[in-house]
Amino acid sequence: MLDVKLLRSQFDEVKEKLSQRNEDITALDQFGELDEKRRETIQAVEELKSRRNKVSQEISQMKRDKKDATDVIEEMQKVAADIKKLDEQLREVDEQLNHLLLTIPNIPHDSAPIGSDEEDNEEVRKWGEVRSFPFENKPHWELATDLDILDFERASKVTGSRFVFYKGLGARLERALINFMMDLHQDEHEYTEILPPYMVNRDSMTGTGQLPKFEEDAFKIREEDYFLIPTAEVPVTNLHRDEIMSMDDLPKTYTAYSACFRSEAGSAGRDTRGLIRQHQFNKVELVRFVKPEESYQQLELLTGHAEKILQLLQLPYRVLNMCTGDLGFTAAKKYDIEVWIPSNETYREISSCSNFESFQARRANIRFKRDTKAKAEYVHTLNGSGLAIGRTVAAILENYQQEDGSIEIPEVLRPYMGGKETIK
RNA sequence: GGAGAAGUACCCAAGUGGCUGAAGGGGCGCCCCUGCUAAGGGUGUAGGUCGCGUGAGCGGCGCGAGGGUUCAAAUCCCUCCUUCUCCGCCA
């Protein structure tokens, strides 16, 4: 959510910035009118309420003095009716304005390259050597099916498309990665470990920006107003919804493992095979609540924490600075980390690290005070995958495959795999 | 799922229609005393948010949330949420 005062005072500049995005912002044009109508109504109704309060005092005094107040009460009945009418008008305008504000995306940061789609994303750096195979390499779903460590077919029988069973060392590998990442972030990167609920309520989904605009992307629980989380970002960021932190709390950092659920509405036919695009996948998430003046520096730090995982796993990757057209709804700046997937002969997203500035904090009302007397200010929130587990498995299977179809296990994972060196 | 109780400011807590922005504590700020790690006395402040105003300031809202009754609601009515206790069920 954007700052209303900023919209009032610098509407044209804000609109200009927002138009660099790949989003429809025509609704924004109603802002001025709604904002003005709202303020007019507030003034009118508050004047009446002020009068009501004053006269109520007088009535109270008259009653105590045993004087007759019938005339005044009669007059106040009319005022009360007017108040009721104006309150109703105000509620309507408030609702409209609020809905509008909730559907306007974040303002891109100046360091985000201006562009219209993924073509315009900027490569910031590249790490690792892309392996050249002296034999014909296979996609991960073939390797995994041959090794009997993933079962897509039965998953579609038991549930449906875009689900998978992990089996044997496949399941072990998934679990090893979760533990490896969680341990590293907790022990080396100083995040507090969280295991969150996998369902959240509507307020939480609104707080982080999934709602109201992207309801069709989420799985909804039928008989409750709950949603399956699309990422641990939602429960973890909302941990501190409607709270005021103190200066010493910042930066507050969490790492959370969770399953993630996405309807993938609109991506029918894309990545239909393999682990890349599932309705349910595992992810380790990093979340940081920080002081506004530090947030860009903190974004670099967080991105580095995600990169560290790939470095230790010896998987080649690149980092992209996402252009204004590809930023998504909530981010002011976003780095995507992409890992090399040999079967695709390209890099694929494995982590997305964003600075939301005060956009989520304003929606979720997460603030801090510089000292006890100070006015509460909005924190800046950041998060990033560290990393998506399923895609990491895909990358390991493909990058570590041997000519005989076996998989070498990355060294850092062996302690988590009972000391095994290969999957065969 | 059934029965009961409760939700008041940073915390505890009083308050059943008007004089309550809300007693009293604790805490916190300042001052004094004492002096050794903890204690005594005095005094002060009381959150947030919205609107108007250049500003001092003025005003609205606010006692879990949302509605309602009333000239007037922390106080009465309705719905919902959460917590606690008991019973049932259960990984």
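FYI, side chains are in, hydrogens and waters are out, and symmetry mates aren't considered; it's all heavy atoms of this structure.
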Taking a pair as Watson-Crick or G-U wobble with both distances under 3.5 Å, which nucleotide is matched to [N]?
N	answer
rU43(B)	rG29(B)
rA5(B)	rU83(B)
rG24(B)	rC12(B)
rG59(B)	rC50(B)
rG88(B)	none
rC19(B)	none

Problem - Closest to side chain of Ile42(A), choosing from rG60(B), rC71(B), rG51(B) - result: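 Given the options rG60(B), rC71(B), rG51(B), the side chain of Ile42(A) is closest to rG51(B).
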
Practice task
Just compare rC71(B), rG67(B), rC61(B) and give me whichever is closest to any side-chain atom of Ile73(A).
Solution key: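 Among rC71(B), rG67(B), rC61(B), the one nearest the side chain of Ile73(A) is rC71(B).
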
Contact under 4.0 Å: [X] side-chain N or O vs [N] OP1/OP2:
X	N	result
Arg367(A)	rU49(B)	yes
Lys369(A)	rG48(B)	yes
Lys84(A)	rU69(B)	yes
Gln43(A)	rG51(B)	no
Arg39(A)	rC52(B)	yes
Arg52(A)	rC61(B)	yes
Asn365(A)	rU49(B)	no
Asn53(A)	rG60(B)	yes
Arg64(A)	rA72(B)	no

Rounded interatomic separation in angstrom, taking [atom1] from [X] and [atom2] from [N]:
X	N	atom1	atom2	answer
Glu47(A)	rC58(B)	CD	P	17 Å
Asp87(A)	rG67(B)	CG	P	9 Å
Leu48(A)	rG51(B)	CG	P	18 Å
Leu86(A)	rC50(B)	CG	C1'	16 Å
Met245(A)	rC10(B)	CE	P	16 Å
Asp203(A)	rC81(B)	CG	P	14 Å
Asp242(A)	rU49(B)	CG	P	12 Å
Asp225(A)	rC80(B)	CG	P	16 Å

For [N] and [M], measure between their [atom1] atoms and round to the nearest Å.
N	M	atom1	result
rC12(B)	rG17(B)	P	26 Å
rA74(B)	rA22(B)	C1'	8 Å
rC19(B)	rA73(B)	C1'	16 Å
rG55(B)	rA13(B)	P	41 Å
rC58(B)	rG53(B)	C1'	8 Å
rG64(B)	rU16(B)	P	15 Å
rA65(B)	rU82(B)	P	15 Å
rU37(B)	rC10(B)	P	35 Å

Practice task
Going by the side-chain contact (heavy atoms from CB on, under 4.5 Å) test, name the single residue among Val412(A), Leu387(A), Asn282(A), Leu313(A) that passes it with Leu177(A).
Solution key: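 Exactly one pass, corresponding to Leu313(A).
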
Between [Y] and [X], does any NZ, NE, NH1 or NH2 come within less than 4.0 Å of an OD or OE carboxylate oxygen?
X	Y	result
Glu294(A)	Lys291(A)	yes
Arg262(A)	Glu264(A)	no
Glu408(A)	Arg414(A)	yes

Handout entry: Which residue lies more 5' along RNA chain B, comparing Arg91(A) with Arg8(A) via nearest heavy atoms
Key =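 On the 5' side of the pair lies Arg8(A).
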
Handout entry: Nearest-nucleotide 5' precedence on RNA chain B, Ala80(A) against Gln57(A)
Key =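 The 5'-side residue here is Gln57(A).
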
Exercise for the section: Decide whether a cation-pi geometry holds between Lys252(A) and Phe289(A); the criteria are a distance under 6.0 Å from NZ or CZ to the six-membered ring centre and an angle within 45° of the ring axis. Expected result: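 Checked: cation-pi criterion not met.
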
Handout entry: Ring-ring centroid check Tyr254(A) His240(A), cutoff 6.0 Å
Key =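 Yes, the ring of Tyr254(A) comes within the 6.0 Å limit of the ring of His240(A), centre to centre.
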
Problem - Gln360(A) (side chain) donor-acceptor with Thr208(A) (main chain) under 3.5 angstrom - result: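 Present.
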
Exercise for the section: For rG62(B), decide between syn and anti, treating a glycosidic angle within 90° of 0 as syn. Expected result: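 Base orientation: syn.
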
Practice task
Let me know which of Lys213(A), Lys15(A), Lys17(A) forms a salt bridge (charged side-chain N to carboxylate O under 4.0 Å, His left out) with Glu23(A).
Solution key: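 Passing option: Lys213(A).
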
